[in-house]
Visitor: 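Pasting a structure here, questions to come.
Only this structure's heavy atoms are used, side chains among them; waters, hydrogens and symmetry mates stay out. All chains are named by letter (A, B, ...) in the order of the sequence lines, taking the proteins before the strands, and each is independently numbered beginning at 1.
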Amino acid sequence: MPELPEVETIARGVHERIRGDRIVQAWFSSYPQPFKTPPTQQAAGLEGRTVLGVHREGKHIVLELGGVAAHPSQNARWMGHAGSHPNHKNKNVVRVGHPDPGVGENESKAEAQWIVHLGMTGRLLVTAPDVPAAAHTHARLSLVSGRELRFVDPRRFGRLEFRDLSGSAGFEASGAEPLTIAADKFVALFRRRKLSIKAALLNQTLLAGVGNIYADESLFRAGIRPGKGAGRLTRVELERLRLSLCEVLRHAIRLGGSSVSDYVDADGVRGFFQLEHCVYQRTGLPCRRCETPIRRILVAGRGTHYCPKCQR
DNA sequence: ATATGGCCCTGGTTGC
DNA sequence: TGCAACCAGGGCCATA
C-alpha cells in the first residue's frame with residue numbers, strides 16, 4: 001500500500017515527466033467510487049491546463065495547474081507569466097524551472113489542483129498512449145506531448161479531486177509532516193493520548209503519511225511495543241521514535257519505496273525497501289537483531305508485526 | 001473531544 | 001482440482 005515514501009517516489013517521478021506539459025483531454029470511468037469531484041466536473045476543470053508541478057502532501061499527490069491557455073495552439077512548455085509573483089507566502093505559488101536552460105527561473109501561480117489519493121491499490125502512471133490500458137483504469141489524461149497520465153485502482157479505495165483555487169484554498173494535509181516536524185511538536189502530538197502508539201502513528205490528523213508498513217518498521221527500530229499507550233511513552237522514547245521514523249522513511253525514499261501488494265512508481269518500476277523490512281510481513285521469521293520469531297497481532301484493527309524481545 | 005468499529009472494494013490465499 | 005469463503009486495509013462516517 002502506498003505510504004509516504006511510495007507517494008513521494010511517484011510524485012517526484014510524475015513531476016519530472018510531465019512538468020510543463022498540458023492536459024489536452026481527460027477521460028474518466030463511470031464508477032462513482034474513486035471520485036470526490038464528479039468526473040464530468042474534473043474533466044472540464046482539467047482540460048487545457050498546464051502542469052506547473054507535482055508534489056506530495058501526506059499520502060496525497062497534488063498536481064499544481066495553471067490557468068486554461070488563452071490560445072490552444074500555444075507551446076506545450078509554456079510556463080505562464082514571466083517575472084516573480086509578489087506573494088511569496090502563498091503555498092500555491094510553485095517555482096518552475098524555465099524550459100530553456102540558462103534563462104533562469106519563472107514563477108507561476110497555480111489556479112487549480114488535481115489531488116490524487118492512491119488508497120490501497122492505486123497507481124499513477126505516465127505512459128505512451130498506445131500502451132493498452134490496464135484493467136481498472138479510472139482516469140486517462142492525454143497530454144500535449146503525446147503521453148498519457150493514467151490512474152489505475154482495482155480496489156477503488158483511491159480518491160480523485162479537482163479543486164479550483166479561485167473558490168477554495170489549496171490542499172493541505174491535515175496532520176504534521178513526519179520528516180520536518182520539530183521534536184517538541186512531535187512529543188506534544190501524543191501527550192495524554194489513550195490510544196495505542198501504533199493507532200496514533202496511523203492517525204492522519206496527527207501525522208500525515210505514515211501507514212501500516214512504516215508504523216511497524218519505525219516502532220521496531222525504536223524498540224517500542226505497538227500496543228503501548230501513546231500517552232505513556234517517555235520523551236526519550238518519543239524522540240527515539242521520531243528519529244527512527246525519519247530514518248526509515250528517508251531510507252525507503254532512497255530505495256524507491258516498498259513494493260508489497262502491487263506498488264510501482266510512475267514508470268511502472270518496483271521499489272526495493274521491502275527487502276529491508278525488519279518486521280512487516282515477516283511473521284514467524286527470525287528477528288534480524290535477536291532471531292526471536294516475529295509476532296503478528298491485531299492493534300487498532302490492523303495487522304501489526306513486532307519482535308517480542310526487542311520491543312518493550 | 002476522543003476513541004472505536006463497520007463499511008467500501010477486488011484479488012489473492014485458504015479451506016473444504 | 002475447483003470453487004467459494006475469507007481476508008487485507010486507508011479513510012470516512014456513525015456511534016459510544
Visitor: From CZ of A/Arg302 over to P of C/dC7, roughly how many Å is that when rounded to an integer?
Guide: 15 Å

Visitor: Once you measure the plane-to-plane angle for A/His277 and A/Tyr280, does it fall in the parallel (<30°), tilted (30-60°) or perpendicular (>60°) bin?
Guide: perpendicular

Visitor: Give the rounded distance in Å between these two atoms: CD of A/Gln204 and C1' of B/dT2.
Guide: 17 Å

Visitor: Output the rounded distance in Å from CG (A/Leu118) to C1' (C/dG11).
Guide: 13 Å

Visitor: Compare side-chain N and O positions of A/Tyr280 against OP1 and OP2 of C/dG9 and report whether any pair is under 4.0 Å apart.
Guide: yes

Visitor: At under 4.0 Å, does any side-chain N or O of A/Lys59 touch on OP1 or OP2 of C/dG11?
Guide: yes

Visitor: Can you tell me how far P of C/dG10 sits from CD of A/Glu161, to the nearest Å?
Guide: 20 Å

Visitor: I need the CG-C1' distance between A/Leu4 and C/dG10, as an integer number of Å.
Guide: 14 Å

Visitor: Would you call the rings of A/His60 and A/Phe171 parallel, tilted or perpendicular if under 30° counts as parallel and over 60° as perpendicular?
Guide: tilted

Visitor: In whole Å, I'd like the distance from the CZ atom of A/Arg156 to the C1' atom of C/dA8.
Guide: 17 Å

Visitor: Using the side chain to side chain contact (heavy atoms under 4.5 Å, CB included) rule, pick out the option among A/Glu111, A/Lys109, A/His55 that qualifies with A/Glu64.
Guide: A/His55

Visitor: Tell me: CG of A/Leu206 to C1' of C/dG11, nearest whole Å?
Guide: 14 Å

Visitor: Select one nucleotide: of C/dG11, B/dT2, B/dT10, the one nearest the side-chain heavy atoms of A/Arg193.
Guide: B/dT2

Visitor: How long is the line joining CG of A/Leu298 and C1' of B/dG6, in whole Å?
Guide: 14 Å

Visitor: Any base atoms under 4.0 Å from A/Arg296, or only sugar-phosphate, or nothing? Heavy atoms, all strands.
Guide: sugar-phosphate

Visitor: Looking only at side-chain atoms of A/Arg155, point me to the closest of B/dT10, C/dG10, B/dT4.
Guide: B/dT10

Visitor: Taking the side chain as C-beta and beyond, is there a heavy-atom pair between A/Glu161 and A/Arg163 under 4.5 Å?
Guide: yes

Visitor: Any non-hydrogen side-chain atom of A/Thr37 less than 4.5 Å from a side-chain atom of A/Trp114?
Guide: no

Visitor: Taking the six-membered ring of A/Phe220 as reference, does the cationic atom of A/Arg282 (NZ for Lys, CZ for Arg) lie under 6.0 Å from its centre and within 45° of its axis?
Guide: no

Visitor: Kindly state whether the pair A/Phe157 / C/dG10 counts as stacked, where counting means centroids closer than 5.5 Å and planes tilted less than 30° apart.
Guide: yes

Visitor: Looking only at the side chain of A/Lys194 (C-beta and beyond, no hydrogens), which of the listed nucleotides B/dA3, B/dG11, C/dG10 gets closest?
Guide: B/dA3

Visitor: C/dG11 phosphate, OP1 or OP2: any side-chain N/O from A/His117 under 4.0 angstrom?
Guide: yes

Visitor: If you assign A/Ser196 and A/His136 each to the DNA chain B nucleotide with the nearest heavy atom, which residue ends up on the more 5' nucleotide?
Guide: A/Ser196

Visitor: If you find the nucleotide of DNA chain B closest to A/Asn203 and the one closest to A/Arg159, which residue's nucleotide is nearer the 5' end?
Guide: A/Asn203

Visitor: Answer with base, sugar-phosphate or nothing: what part of the nucleic acid does A/Gly303 contact at a heavy-atom distance below 4.0 Å?
Guide: sugar-phosphate

Visitor: If you check every side-chain atom of A/Asn212, which of C/dC12, B/dT4, C/dG10 has the closest atom?
Guide: C/dG10

Visitor: Indicate, with a heavy-atom threshold strictly under 4.0 Å, whether A/Phe190 touches base, sugar-phosphate, or nothing.
Guide: nothing

